[in-house]
Amino acid sequence: MTERPGSPADLAGLIPQLTAICGPDGVITDPMELRTYECDGLTAHRCSPGLVVLPETAAQVAGVVSACAGAKVPFVARGSGTGLSGGALPRADGVLIVTARMRRILEIDAASRRAIVEPGVTNLAVSKAAQQYGLFYAPDPSSQQICSVGGNVAENSGGAHCLKHGFTVHHVTGLEIITPDGELTWLGDGTGAAPGYDLVGAFTGSEGTLGIVTKIIVRLTPIPESVTTLLAAFETTGQGGAAVSAIIGAGILPAAIEMMDALSIEAAEAAVACHYPDGAGAVLIVELDGPEADVRSETAAVRKLAERAGAFEIVEAADPAERAAIWTGRKSAFAAVGRISPAYIVQDGVVPRTALPEVLDRISALSAQAGIRVANVFHAGDGNLHPLVLFDDSSPEQAAAAEVLSGAILEECIAHGGSITGEHGVGVDKSSYLPRMFGADDLDTMQLLRCAFDPAGLCNPGKIFPTPRMCGEAPGIRRGPHPLVASGQGEIF
Amino acid sequence: MLAEPIPGQITAACQAVRSATPDDAVAGVQPLVVATPASTEEASALLRAAAGLGLAVVPRGAGTRVHWGNPPERCDLVIETTSLDQVIEHEAGDLVATVQAGLTLDRLAEVLGSAGQRLALDPPALGRPASARGEPAAGRPASTRGTIGGVLATGAAGPLRLRYGTGRDLLIGITVVRADGAVARSGGKVVKNVAGYDLGKLFAGSAGTLGLITQATFRLHPLPARTAYVTATCAAAVDACRVIGAVMRSPASPVAAEINWASANQPVQVGVALEGDPAGVAERSAELAGLLGREGVASVADEPPPWWGAGPAAQPDGTVLQIAFWPAELGLVLAGIQAAATAAGLDLGVGGSAAAGVLCASAPAGADPGAVAEFVTSLRVALGQGGRAPAPPADGQPARASVVVLHAPPEVGKLVDLFGPVPSLALMRAVKNQFDPARMMAPGRFGGGI
């Protein structure tokens, strides 16, 4: 490719064609309206799209992508816009393809435990539709009330319960996609054992860079017969960490194990009055699910292990309302932190579970050294940290120190054999960190897959893989709560 | 036997190199050289040298499933991974292990078992096929589940796939050597990780056509405190279907639900595995036995029934095909198999992970190749593949079932496409073309000539 793609003239030239495909109300050209799509859940990165289309069918998506490919105009897919790494950040020289109008649940085959859904269907809507059959859709990102299944596929989304139930990639068995040259094709056949390469697996988590998904065949999971939720309070995160190790070491695989430290408890308490035990330096939420008898005995075992590790109080939810109350503090933690700090950076690094105590100590040392507070809320069971680096963005010194600290935390994760992102994706946010995890040959090899799907490089370009970044850019700055959280429409993280 | 000497570039790249013997033939194709690298670096040098010489390469682990798939179009160099047999790291507290590709599954199970853990992947142990039985190599066991690399590359799995999936679901990191010798990694050693593309998914099940797997990192699971097997005998396939359906609707939460139908005129065995807390398993297995008992005599045991993991999928010889389908179609699939077998005049063994929607059928080595090919073709039509579907799914969706011949005598392979219709073949060809443009890696072994 020699010409620069997506000149304003190319974009303007596309409008009649895209209007013919999507209808007049399916194409947005008004600059004010375009601005509402300027960012996803990571609000630090903003860019008004050149054009927005709102297709309702796979054929329309195929038409739009064909038109873009023909005009060499880059395109970006967007679901609900809840992503946390700027994966759906639009291009000023490109078309943003929003799948929000593709929200039909096409089929539920309860006996096969499969559903076929369009990409704009929300994650929770799948579980709600499956409930009458005693089934649910297991991946549960915290944004599940609003995030779309198509976005989940792009990001290989997880959630608190993926410790036991797995990520999106474990629950997708077939995808209808529009390839970057505009062809409609199916990857997989829904069986999970289709002949040929596992392109369903390779596509899932490719952050919208290999094509646009237009139908998804998901696996449904039986709703567990029994669930218990325990809240254990400790004096220190070290004790909490020891309890996690003891639980895992005993051969118990809880559905979820979440931990919050003193600062995040304080923030949550102030925001939602979650009534966690007084004086807790750390709380652990352990959820066990499965057959009733097993859950009963595992619950007893977890209580014992937590007590032995130093838990001074253990609360067990007696009913779904109490369970929700326990989770409220955890789920509100991020928004709550937004209330005690003008700005914060959220990281999504992962460390091996056994390295958790060491890395937490290191984070608190780094925090003390920099004079920047860090609140820790994390998926303790799988070592996925969400340190929140709190700073005052009116102070350039603080902002700079927070960025340095945030980067140092990611370096710690990498140094301990972990990952820079457990569930939020690389997007535009962490692409400059990817070369610290992978060598040139690793990244080149990943590019081979990219080139097989998108030789023209028009499909969500500039995401995942490192491109030159502006000096001083650091991943993940957030200012105040996300608009969807502020408006009460959803929880994120 | 080899007339030419082994090229100096190959002996310079790898210490353990020898001339191939007839025993090294890959699906009937005789290679020139067998090289056994002892490190990823050596494997890299070897592939670089092979690429320079234009040698076609077929990777091999224990050789357990090397006869699967089409015969390679060319095969000059067999790269054997058996010296890459180390456990690199087993961090029990993280439930993660990194191992080299040539390590056998059985050896890994010993290592992990001593820490009360396992890789929840249980493909059948296979004997050596009669066609490949030359002089038995020293120390080679009578049957083996194979190596990590081989099991990953072939996508082989067993009864536990219902709960734990297959190799691709348990794999969290991979190291491969590309056809040009470049070494690439993806994933890592933490379970939760979405950084970069997941090349492991691509290489799992790629049958050696994209490169050589040299190392893999897996998520592990604790060994269950107790496992119980509830079994029942059903007079007919329809009864077995009803039982499997009832099991899956029950709260028993099985980790495996298998059937074994050794012959059309024999009853169908159903076996369900339950794992977990001893008291819980006792309670659930008693309830399940009650449920299954309505269909016949059910029993509970701590050991699997003799046919467990030893059905048609474990046949090293003859034709073995894998039928994947949406689990609700089990009845249709079993009826389809029976009808197609009867029409072709065959009596087949059928069995596998009925509840997960993956069965195998096997025909003995002596079965008439024409009849076997006719069976495969008519079963594909019956299941909506490559013919008129009984109820065609909307919007050009692929058939919700596939019939893949895992291995077959050459006479059968000449009469029928082993892979059948493959969805998105054009993209797969594009992937192959990117990773291996010169077609050096196991050329032609895969579906669609890949």
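Just the heavy atoms: all of them, side chains too, but no hydrogens, waters or symmetry mates, feed the values below. Letters A, B, ... mirror the listed sequences (proteins, then strands); counts begin at 1.
With a 4.5 Å cut-off on side-chain heavy atoms, A/Ile217 and B/Trp326 count as touching. Side-chain contact between B/Val191 and A/Phe167: present, with at least one pair of heavy atoms (C-beta onward) separated by less than 4.5 Å. Taking the side chain as every heavy atom from C-beta outward, B/Lys201 and A/Leu449 never approach each other to under 4.5 Å. Within the 4.5 Å cutoff, side-chain heavy atoms of A/Tyr197 are placed close to those of B/Thr209. Residues B/Arg400 and A/Arg114 are not in side-chain contact: their nearest non-hydrogen atoms beyond the backbone lie 4.5 Å or more apart.
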| Between A/Val169 and B/Arg168, is a side-chain contact (heavy atoms from CB on, under 4.5 Å) present by the stated rule, with each step listed? | CA-CA 10 Å; A/Val169 73; B/Arg168 60 89 89 173; 4.0 Å; yes
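Here the shortest heavy-atom pairing between B/Lys192 and A/Gly159 reads NZ-O, 4.0 Å. Contact detail for B/Val190 and A/Gly417: the closest heavy-atom pair is CG1-O, 4.0 Å. Of all heavy-atom pairs spanning A/Gly425 and B/Val194, the tightest one is N-CG2, 3.5 Å. Nearest heavy-atom pair, B/Ser424 versus A/Thr185, reported as atom, atom and distance to 0.1 Å: CB-OG1, 3.6 Å. Nearest heavy atom pair, residue A/Phe438 against residue B/Ser186, reads CE2-CA, 3.8 Å. Scanning all heavy atoms of the two residues, the minimum distance from B/Leu95 to A/Ile248 falls at CD1-CG2, 3.4 Å.
The residue among A/Ala202, A/Gly190, A/Pro195 with the most heavy atom pairs within less than 4.5 Å of chain B is A/Pro195. With chain A as the partner, the residue from B/Leu199, B/Val358, B/Asp198, B/Val176 showing the most heavy-atom pairs under 4.5 Å is B/Leu199. Taking chain B as the reference chain and counting heavy-atom pairs below 4.5 Å, the highest number among A/Ser112, A/Gly439, A/Ser85, A/Gly201 is found for A/Ser112. For the set A/Gly205, A/Pro352, A/Ala193, the count of heavy-atom pairs under 4.5 angstrom toward chain B peaks at A/Pro352. In terms of heavy-atom pairs under 4.5 angstrom with chain B, the leader among A/Ser206, A/Gly134, A/Ser157 is A/Ser206. If you tally non-hydrogen atom pairs under 4.5 Å between each of A/Leu210, A/Val295, A/Ile177 and chain B, the highest count goes to A/Leu210. Of all the listed residues (B/Ala430, B/Pro222, B/Pro327), the one sharing the greatest number of non-hydrogen pairs under 4.5 Å with chain A is B/Pro327. Of the listed residues (A/Ile464, A/Leu187, A/Leu199), the greatest number of heavy-atom pairs within a distance under 4.5 Å of chain B belongs to A/Leu199. Contact tally against chain A (heavy-atom pairs below 4.5 Å) for B/Phe419, B/Phe325, B/Phe203: the top residue is B/Phe325. Most heavy-atom pairs under 4.5 Å with chain A: of the set B/Gly448, B/Ala328, B/Gly420, this distinction falls to B/Ala328. Listed options B/Thr166, B/Val404, B/Val431 were ranked by heavy-atom pairs under 4.5 angstrom with chain A; first place goes to B/Val431. Among B/Ala225, B/Ala195, B/Gly245, B/Ala157, the residue making the largest number of heavy-atom pairs under 4.5 Å with chain A is B/Ala195.
Using a 4.5 Å cut-off between heavy atoms, B/Gln117 does not touch chain A at all. For a residue to count as touching a neighbouring chain, one of its non-hydrogen atoms must lie under 4.5 Å from one of that chain's; by this rule B/Arg161 touches chain A with the side chain only. For A/Glu107, the part lying near chain B is the side chain, with the backbone staying farther off; criterion is any non-hydrogen pair under 4.5 Å. The contact between A/Glu225 and chain B is made entirely by side chain atoms (from C-beta outward), counting heavy-atom distances below 4.5 Å. Residue contact with chain B, scored on non-hydrogen atoms closer than 4.5 Å, involves the backbone of A/Glu155 exclusively. Using a 4.5 Å cut-off between heavy atoms, A/Ile223 makes no contact with chain B at all. If you measure heavy-atom distances from B/Val183 to chain A, the contacts under 4.5 Å come from the backbone alone. Both the backbone and the side chain of B/Asp94 come within contact range of chain A, with heavy atoms under 4.5 Å apart. For chain A, the nearby parts of B/Phe435 are the backbone and the side chain; heavy atoms of each come within less than 4.5 Å. Of the two parts of B/Leu202, the backbone and the side chain both hold a non-hydrogen atom closer than 4.5 Å to a non-hydrogen atom of chain A. Interface residue A/His416: only backbone heavy atoms are found under 4.5 Å from chain B.
Using cut-offs of 30° and 60° on the angle between ring planes, the pair B/Tyr197 and A/Phe465 is perpendicular.
Within the structure, salt bridge (charged side-chain N to carboxylate O under 4.0 Å, His left out) contacts touching residues 439-448 of chain A (residues at least two apart or in different chains) are A/Asp442-B/Arg185. The list of salt bridge (charged side-chain N to carboxylate O under 4.0 Å, His left out) pairs with a residue in residues 157-168 of chain A, not counting sequence neighbours, reads A/Lys164-A/Asp289.
By the salt bridge (charged side-chain N to carboxylate O under 4.0 Å, His left out) test, B/Glu89 is found to be paired with B/Lys189, residues two or more places apart in sequence or in another chain being considered.
Taken to the nearest 0.5 Å, the CG atom of A/Asp198 stands 8.5 Å off from the CG atom of B/Asp169. Remark: A/Asp348 CG to B/Asn193 CG distance equals 9.5 Å, nearest 0.5 Å. Between the NZ atom in A/Lys215 and the CD atom in B/Gln397 there is a gap of 7.5 Å [rounded to 0.5 Å]. Here the CD-CZ distance, from B/Gln434 to A/Arg450, works out to 12.0 Å after rounding to the nearest 0.5 Å.
Contact annotation for residues 280-288 of chain B against chain A (heavy-atom separation below 4.5 Å, listed by residue number): B/Gly280, B/Val281, B/Glu283, B/Arg284.
A donor-acceptor pair is defined here as one N or O able to donate and one able to accept, closer than 3.5 Å; no such pair exists between the side chain of A/Thr191 and the backbone of B/Ala401.
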